[in-house]
Amino acid sequence: MSDLVTLGQRIRHYRTAAGLTLDQLGDRVGVAGSQLSLMENGRREPRVTLLTAIGSELGVTLADLLDTTPPTPRAALEIELERAQRSPHYAGLGLPVVRAGRSMPDDVLESLVGLHRALLERERQAIATPEEARRANTAQRLHMRTLDNYLPDIEELAQQVVRESGHVSGALTHREVGLMAQKLGFELVYVNDLPHSARSVTDLDNGRIYLPPASIPGGHGLRSMALQAIAHRLLGHEVPTSYAEFLRQRLEINYFAAACLMPREQSVAFLSQAKADRNIAVEDFRDAFGVTHEAAALRFTNLATSHLDLTVHFLRVGDDGAVYKAYENDGLRLPVDVTGSTEGQLVCRTWSARAAFARTNRTTEYYQYTDTPEGTFWESTQIGTSASDEFSITVGVPFADSKWFRGRDTVNRHRSTCPDPTCCKRPDGELATRWKGKVWTSAKLHAHILSPLPSGTFPGVDDLELYRFLESHAADAEQ
């Protein structure tokens, strides 16, 4: 049965259009007018047989009555007000319920609905604190750990979409991504004036996905962004109502894009052969599918446990030692704060993720064994560069599984006792005595510390900028 409030509005709309009172319609279908009133107010669910009779008397079909679209703009406002006043948030205010009767002017109804919208938006903004975001992110990381970072439903969907595009092997091409979009009724359009806060914009009305122009012809980035936009449609995403939902959607579209760029069947075949040859290397996996090192490393974590019987950890670490992203299911103890969040925490100075920055030659992977209180881990690290800083990408496994990887013969070996502060955070006694009270440093302040989240509920696109962008391209899209 459709939403009762909308159903009631549609019954009322067709009844008044037919010029019948509640009692007149009730006499024709065999129920009291008071019972019809309860149905029209969304407080009683009618039987299908009664609905069929009502439709017959009003000259409409059952499908017309069950349509979930409000029959008029006025009805849409009345429905929104009704739902808002039924919410637990409004009930907690202890205010009386206002009925939107026929005597209520449209402008009064619009004002009431607008106030409810503003009240709800303020409530949403109040909970979108840095702590809420960090807790949601931590909960998602721990949940993915229970799944071994593997989402079989999205794997199946991506495999089907890739197969239908005609892709067989090697790197997924821009043309094949374009065919995926066309199958959904969308055209990929590259423009120079995307809103600064948007990676892509999907025009649902005109069937267009707007992307930035390629900075590097054939680059991985545009294919990934297009696939993420496609994923929103395939996965049926709606506007998120919480930070946790926003992060889940981001994870799902990123996962789908990676599963298309590095399809499961081809990736597992490639990695299984590399394991048989005892020659697994993220850089080979990266080059075979034409993606970034980070994308290949993350994709490896999706497949390692479910298909290669390997537990694994992944780290993206800034040149200051702070964690940007992390995952593990191999027992490595990640640095965390009191909430369990690892983002922003400093990894041990002896770990490969930081030791690799000391190398002069950074074009190839750096290999290292690290002895920790949780055991010995083998790690492979690649240094990358963004527009503002350097970062490292690390993939590691327990010592026993290093035999499957290229670089297992490295002589680099370090010992870490973190989280013991004497390992790499607290200076030894001689240094402390020598310099305590004799030095002053001016610490860096990262801008994101002061504004870890935008003023809205969660990171989003500036509406004014977005709508101006769509208006500027609407005429071209409609041609």
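- Using modelled atom types, one finds a donor on one side chain and an acceptor on the other under 3.5 Å when comparing Tyr255 with Glu155.
- No hydrogens or angles considered: nothing links the side chains of Tyr243 and Glu245 as a donor-acceptor pair under 3.5 Å.
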Enumerate, atom names and distances included, each donor-acceptor pair closer than 3.5 Å involving a side-chain atom of residues 304-312, sequence neighbours excluded.
residue, atom, partner, partner atom, Å
Thr305, OG1, Leu310, O, 2.8
Thr305, OG1, Asn329, ND2, 2.9
His307, NE2, Tyr150, OH, 2.9

- Test salt bridge (charged side-chain N to carboxylate O under 4.0 Å, His left out) applied to Asp420 and Lys425, step by step: CA-CA 8 Å; Asp420 180 356; Lys425 293 181 177 65; over 6 Å; no

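- Separating the OG atom in Ser416 from the CD atom in Glu374 is a distance of 8.5 Å, to the nearest 0.5 Å.
- His237 meets the ring-ring contact (aromatic ring centres under 6.0 Å, His included) test with His232; sequence neighbours excluded.
- Arg223 places a side-chain N or O within donor-acceptor distance of the main-chain N or O of Leu172, the cut-off being under 3.5 Å.
- The structure places CG of Asp3 at 9.5 Å from CD of Glu82, a figure rounded to the nearest 0.5 Å.
- A pairwise comparison of heavy atoms in Leu303 and Ser267 identifies CD1-CB, 3.6 Å as the closest pair.
- The closest donor-acceptor contact from the side chain of Thr202 to the backbone of Leu204 lies at 3.5 Å or more, if one exists at all.
- Panel note: side chain Ser341, backbone Asp337; no donor-acceptor pair is recorded below 3.5 Å.
- The side-chain heavy atoms of Met225 and Pro212, taken from C-beta on, include a pair separated by under 4.5 Å.
- In this structure, the side chains of Glu164 and Met180 stay at 4.5 Å or more apart for every pair of heavy atoms.
- Side-chain contact check for Val191 versus Pro213: every heavy-atom pair is 4.5 Å or farther apart.
- Separating the CD1 atom in Ile79 from the OG1 atom in Thr6 is a distance of 3.5 Å, to the nearest 0.5 Å.
- Between His313 and Tyr327, the ring center distance fails the sub-6.0 Å criterion.
- Thr342 places a side-chain N or O within donor-acceptor distance of the main-chain N or O of Pro335, the cut-off being under 3.5 Å.
- When the shell of 6.0 Å around NZ of Lys183 is examined, it contains 12 or fewer heavy atoms from other residues, nucleotides or ligands.
- Considering only heavy atoms from C-beta on, Gln182 stays 4.5 Å or farther from Glu187 through its side chain.
- With hydrogens and angles left out, the side-chain atoms of Ser380 and Gln382 include no donor and acceptor closer than 3.5 Å.
- Evaluation of the ring-ring contact (aromatic ring centres under 6.0 Å, His included) rule for His116 yields Tyr90 as partners, not counting sequence neighbours.
- In summary, the side chains of Arg199 and Gln228 do present a donor paired with an acceptor at a separation below 3.5 Å, with no hydrogens or angles considered.
- Applying the side-chain hydrogen bond (donor to acceptor under 3.5 Å, both in side chains) rule to Asn137 yields the partners Glu343; only residues at least two apart in sequence or on another chain are considered.
- Residue-environment remark: CZ (Arg415) stays at or below the threshold of 12 foreign heavy atoms within 6.0 Å.
- Counting heavy atoms from C-beta outward, Leu334 and Gln345 have side chains that stay 4.5 Å or more apart.
- The distance from atom CG of Leu235 to atom CZ of Arg248, rounded to the nearest 0.5 Å, is 8.5 Å.
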- Message: Determine whether Asn279 and Phe405 satisfy the following criterion, side-chain contact (heavy atoms from CB on, under 4.5 Å), listing intermediate values before the conclusion.
- Response: CA-CA 5 Å; Asn279 193 35; Phe405 291 80; over 6 Å; no

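- Between atom OG of residue Ser392 and atom CD of residue Glu294 there is a gap of 10.0 Å, rounded to the nearest 0.5 Å.
- Contact check for His473 versus Val201: no side-chain heavy atoms found under the 4.5 Å cut-off.
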- Candidate pair Arg264 and Glu156, rule salt bridge (charged side-chain N to carboxylate O under 4.0 Å, His left out), full reasoning: CA-CA 9 Å; Arg264 181 186 58 199; Glu156 290 295 335; 3.1 Å; yes

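- Donor-acceptor pairing under 3.5 Å is recorded for the side chains of Thr381 and Ser352.
- Taking 4.5 Å as the limit, some side-chain heavy atom of Val395 sits within range of a side-chain heavy atom of Phe300.
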Got a list of side-chain donor-acceptor pairs under 3.5 Å for residues 426-436, not counting sequence neighbours?
residue, atom, partner, partner atom, Å
Asp428, OD1, Glu430, N, 3.2
Asp428, OD1, Leu431, N, 2.9
Thr433, OG1, Gly429, O, 2.9

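- Annotation: ring-ring contact (aromatic ring centres under 6.0 Å, His included) contacts of Phe289 (sequence neighbours excluded): Phe285.
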- Query: Could you walk me through whether Gln140 and Leu251 pass the side-chain contact (heavy atoms from CB on, under 4.5 Å) check?
  - Reply: CA-CA 9 Å; Gln140 179 169 274; Leu251 182 146; 3.5 Å; yes

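- Between Lys325 and Arg141 the shortest side-chain heavy-atom distance does not fall below 4.5 Å.
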- Task: Please step through ring pair (Phe, Tyr, Trp, His ring centres under 6.0 Å) for the pair Phe399 and Trp378, ending with a clear verdict.
- Result: CA-CA 6 Å; Phe399 176 85; Trp378 173 91; over 10 Å; no

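- Rounding to the nearest 0.5 angstrom, the gap separating the CG atom in Asp401 from the CZ atom in Arg408 is 12.5 Å.
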